[in-house]
Amino acid sequence: MASILCVTTGLVGMTYATLEVCRRLQADGHRVVFSATQDVSNLAAAAGVEWAPIEPLVFDPAPEVVGGGRIARKWSEWSTRGERRRAASERIRASLRPFEALLEGGAFDLVLADVELAEHVLAMAARGQRFALLTPWFETQKRPGLPPITSDVTPGVGFSGSFLGIEARWLRERTRRRFRRALVWARYFGTDRRSVLVEHALSAGVPRRALRPDDWVTAFGIEGLPTQRLTLPSQEFAHRPRPEVEVVGPMVLPQELRGGDAAALTRFRARMQELLEGSRSVHYVAASSKSRVAGEFLARVVRATAEQEGHFVVGAGGDRRAYELCVEARERGGRVDVEFDAPGEAAMEHAGLALHHGGIHTVNEAIVHGVRQLVYSGREADQDGVTARLVQRGLAHSGSRDESEQQICNRMERAYGDAALGERAQVARVEAENTRT
């Protein structure tokens, strides 16, 4: 039996996925401790996993310059940048002390760390702690024939999918990221979190050539670190994988272990069962909680359901405006139940079709339950890349959020009526079960 620590940023989707990793390790007889840089102790308790608190991430580590006008403050920031950078470095190191104490006291055989926790990774490397990174994404590093995760490019399709097209996309992505880094440096004069962490990495002996400043992760990537990927192998574009990467497969925490109102969940499941008994099918529509334009699009989807068979459950992603727009649209037609913050994993249990934004955790929930997918990418983060992979692999239909109600209606009919899509969804479900065991 091993002693294992799992640590994440505490962001909801990754927290759920990591807690499912913890539960499976516990079921195998290991001692598991869960920690996060946000207080999600309630979620750990609900999942039955031991919790250990650590300090939050320090996103603005340098001391603030106060007083004087804007130009005077900027001059002060510039003239004291060395001192402020040293103070920022010490503040980040101080924030890591509870984590280092946890490592010291826990004597862990292995730490599974969120790929976004660069400072914690460096602290573990300095101590000689055995660890592996957890990532919910597809490949984010440049590989031959593989487009950036942020793009909607499909290899082999059109000029954008050719060798030159993919190389051009990578050049564009790198240029954009380097420009953003330059803007951040100009704003903080090298006292920002990423700049300070690069100094920590170099001082810890990480070769500069091993740093991947253009990687998709927030701070930077480090070449050659062992990585556990929480995606399905058959979803990724064909490419030569990195040898340090192992595919674990989708990790989906059951809805009843996600905390929240147990009575409300029971009522929701009862409603789903009621709808199934009175209708040929029930479909689920999910909105991204990060989308700025979810409301208008969801309202069009709601109106499009008026011409559909079956019943739809629409989750507004906790967005009050989106919820109100959907309720208003329902009054003008549409066979829907509108939920302010629908329990998505529970909705997938009986859904015949999932219409969603392309978020990887929603994708994994659909896969685990063998649900057909119709993706309207939210165009945020990796959602374009996820959508392109699903479509290329025959695991989803897709559309544009600019489509009319009639076009959305037609796509829903085609997706739900596509028998081959349903068969591939079931094959993916079985593959996910086999990969995760």
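Each residue takes its place number in the sequence, starting with 1.
- At most 12 heavy atoms of other shown residues, nucleotides or ligands fall within 6.0 angstrom of atom CZ in Arg130.
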Should Phe131 and Val121 be marked as a side chain to side chain contact (heavy atoms under 4.5 Å, CB included) after you check the CA-CA gap, both sets of side-chain angles, and the distance that decides it?
CA-CA 8 Å; Phe131 67 90; Val121 169; 3.8 Å; yes
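- Judged as a side-chain contact (heavy atoms from CB on, under 4.5 Å), and not counting sequence neighbours, the contacts of Thr135 are Val115, Trp137, Thr227, Arg229.
- Applying the salt bridge (charged side-chain N to carboxylate O under 4.0 Å, His left out) test to every pair with at least one member in residues 410-424, sequence neighbours left out, gives these pairs: Glu403-Arg411.
- A side-chain hydrogen bond (donor to acceptor under 3.5 Å, both in side chains) check over residues 235-250, counting only residues at least two apart or in different chains, returns the pairs Glu139-Arg242, Gln228-Glu246, Glu236-Arg389, Arg242-Glu244.
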Step-by-step side chain to side chain contact (heavy atoms under 4.5 Å, CB included) determination, His397 to Leu421
CA-CA 8 Å; His397 288 201; Leu421 181 63; 3.8 Å; yes
Does Val301 form a side chain to side chain contact (heavy atoms under 4.5 Å, CB included) with Phe312? I'd like the steps, not just the answer.
CA-CA 10 Å; Val301 172; Phe312 286 77; 5.7 Å; no
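- By the neighbour-count criterion of 12 heavy atoms within 6.0 Å, atom CD1 of Ile71 is sparsely surrounded, having that number or fewer from other residues, nucleotides or ligands.
- By the side-chain hydrogen bond (donor to acceptor under 3.5 Å, both in side chains) test, His350 pairs with no residue at all, sequence neighbours left out.
- Glu274 meets the side-chain contact (heavy atoms from CB on, under 4.5 Å) test with Arg271; sequence neighbours excluded.
- Nearest approach of Gln141 to Trp170, heavy atoms of both residues: C-CH2, 3.8 Å.
- The nearest pair of heavy atoms linking Val32 to Val49 is O-CG1, 4.3 Å.
- Here Thr150 pairs with Pro148, Glu173, Arg177, Trp216 under the side-chain contact (heavy atoms from CB on, under 4.5 Å) rule; sequence neighbours left out.
- Using the six-membered ring where Trp is involved, Phe297 and Tyr376 have ring planes that are tilted, between 30° and 60° apart.
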Does Tyr16 form a ring pair (Phe, Tyr, Trp, His ring centres under 6.0 Å) with His361? I'd like the steps, not just the answer.
CA-CA 9 Å; Tyr16 289 158; His361 298 293; 8.4 Å; no
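- In this structure, Arg143 places its CZ atom where more than 12 heavy-atom neighbours from other residues, nucleotides or ligands lie under 6.0 Å away.
- For residues 32-57, the salt bridge (charged side-chain N to carboxylate O under 4.0 Å, His left out) pairs, not counting sequence neighbours, are Arg31-Glu50.
- Residues in residues 251-260 take part in these salt bridge (charged side-chain N to carboxylate O under 4.0 Å, His left out) pairs, two or more places apart or across chains: Glu256-Arg269, Arg258-Glu365.
- Every residue meeting the ring pair (Phe, Tyr, Trp, His ring centres under 6.0 Å) condition with Phe99, not counting sequence neighbours, appears here in chain and number order: His120.
- Remark: Ala396 pairs with Gln373, Val375, Leu390 by the side-chain contact (heavy atoms from CB on, under 4.5 Å) rule, at least two apart or across chains.
- Residue pairs meeting the ring pair (Phe, Tyr, Trp, His ring centres under 6.0 Å) criterion with at least one partner in residues 255-276, sequence neighbours excluded, do not occur; the list is empty.
- Contact check on Glu119 versus Arg193 returns a salt bridge, with a Lys/Arg side-chain nitrogen under 4.0 Å from an Asp/Glu carboxylate oxygen.
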Stepwise, does the side chain to side chain contact (heavy atoms under 4.5 Å, CB included) test hold for Arg169 with Asp152?
CA-CA 10 Å; Arg169 253 327 158 92; Asp152 58 1; 3.8 Å; yes
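- Side-chain contact between Leu146 and Phe138 is absent, with no heavy atoms from C-beta onward closer than 4.5 Å.
- A salt bridge links Arg24 and Glu20; the closest N-O separation between the charged side-chain nitrogens and carboxylate oxygens is under 4.0 Å.
- Every residue was checked against the salt bridge (Lys or Arg N to Asp or Glu O under 4.0 Å) condition with Arg300, not counting sequence neighbours, and none meets it.
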